[in-house]
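Keep in mind that this is a model prediction, so the values were computed, not measured.
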Amino acid sequence: GDGLTCTHTFDQILKMCDTLNLFSPALTPKILHKFCTKVICNPEIVPMCHNKNAGSEIVYDEFLEILCRIATAIAAGEKKGKEKDSKVDDSAEPGDELAEVVDHFLESTYFPAIRKIWHGRI
């Protein structure tokens with residue numbers, strides 16, 4: 001290896017989502033568990049912080065895919081909430097591009113939450 005590989009565990013991803021207040025009805029720990037088991041192909045992890053999750057290695061590319069899935073889930077939840085609050089806009093495109101959804105999530109949710117916690121360090 002090159003010594004630069006940075007990995008995470010499911011517990012760390014779970015704690016990150018909790019710390020950044022990302023959980024909602026659209027993104028629950030159970031939904032996050034489903035995303036992670038699908039991405040890393042490890043059905044052994046459990047949907048809570050647990051010693052069994054110590055071997056749930058998540059490499060950078062997998063972390064990015066999980067982050068995209070988180071963004072998509074949150075965007076779907078926000079869209080659902082807007083549809084309840086107002087009439088559906090028939091002129092809207094049937095689906096959002098993944099890049100736009102992820103960019104919106106990063107700029108409006110993820111980075112601001114990180115900045116609040118690590119103020120002045122990023």
Side-chain angles (χ1 to χ4, degrees):
D2 57 17
L4 298 175
T5 305
C6 179
T7 63
H8 299 286
T9 64
F10 174 72
D11 287 0
Q12 290 171 322
I13 304 296
L14 191 65
K15 287 176 187 173
M16 176 196 75
C17 288
D18 186 44
T19 301
L20 298 179
N21 294 316
L22 298 180
F23 289 124
S24 69
L27 180 70
T28 64
K30 202 169 195 173
I31 292 169
L32 179 64
H33 174 259
K34 183 176 133 186
F35 292 162
C36 290
T37 55
K38 186 171 189 152
V39 171
I40 67 172
C41 301
N42 183 348
E44 301 296 316
I45 59 176
V46 293
M48 65 184 87
C49 288
H50 194 279
N51 290 340
K52 280 185 91 173
N53 297 336
S56 60
E57 183 178 68
I58 298 169
V59 297
Y60 182 70
D61 292 349
E62 293 167 333
F63 174 75
L64 291 179
E65 182 175 342
I66 291 165
L67 209 54
C68 289
R69 290 174 184 267
I70 290 169
T72 303
I74 290 172
E78 289 173 353
K79 190 173 184 178
K80 196 174 195 180
K82 286 179 186 175
E83 288 173 358
K84 282 183 182 177
D85 294 340
S86 64
K87 294 185 180 195
V88 177
D89 181 4
D90 292 335
S91 66
E93 292 295 318
D96 295 317
E97 292 293 324
L98 179 61
E100 291 173 10
V101 169
V102 172
D103 185 56
H104 176 73
F105 165 73
L106 292 174
E107 293 300 324
S108 68
T109 305
Y110 190 72
F111 293 142
I114 290 173
R115 284 185 199 105
K116 275 185 192 175
I117 293 167
W118 292 285
H119 183 70
R121 295 185 2 210
I122 61 166

Atom pair CG (Leu27) and SG (Cys17), whose distance is rounded to the nearest 0.5 Å
5.5 Å
Met48-Ile58 co-clustered via ILVMFWY side chain contacts under 4.5 Å:
no
One should read off an interatomic distance between Asn42 CG and Lys52 NZ, to the nearest 0.5 angstrom, of 9.5 Å
Working to the nearest 0.5 angstrom, can you tell me the gap between Ile114 CD1 and Thr109 OG1?
11.0 Å
Over all heavy atoms of both residues, which pair between Ala26 and Gly77 is shortest? Give the atoms and the distance, please.
CB-CA, 3.6 Å
Set of residues satisfying side-chain hydrogen bond (donor to acceptor under 3.5 Å, both in side chains) with respect to His104, sequence neighbours excluded:
Ser108
Rounded distance (nearest 0.5 Å) linking atom CD of Glu62 with atom CD1 of Ile40
6.5 Å
Could you list the residues that satisfy side-chain contact (heavy atoms from CB on, under 4.5 Å) with Leu106, not counting sequence neighbours?
Leu67, Val102, Tyr110, Phe111
CG on Leu32 to CG on Leu14, rounded to 0.5 Å:
6.0 Å
Spacing of Ile45 atom CD1 and Thr37 atom OG1 [to the nearest 0.5 Å]
5.5 Å
Is there a path from Val46 to Ile66 through hydrophobic residues (I, L, V, M, F, W, Y) whose side chains come within less than 4.5 Å of each other?
no
What residue pairs, at least two apart or across chains, pass salt bridge (charged side-chain N to carboxylate O under 4.0 Å, His left out) with a residue in residues 64-77?
Glu65-Arg69
What residue pairs, at least two apart or across chains, pass side chain to side chain donor-acceptor pair (under 3.5 Å) with a residue in residues 9-19?
Asp11-Asn53
Which pairs, with at least one residue in residues 15-39 and sequence neighbours excluded, count as a ring-ring contact (aromatic ring centres under 6.0 Å, His included)?
Phe10-His33
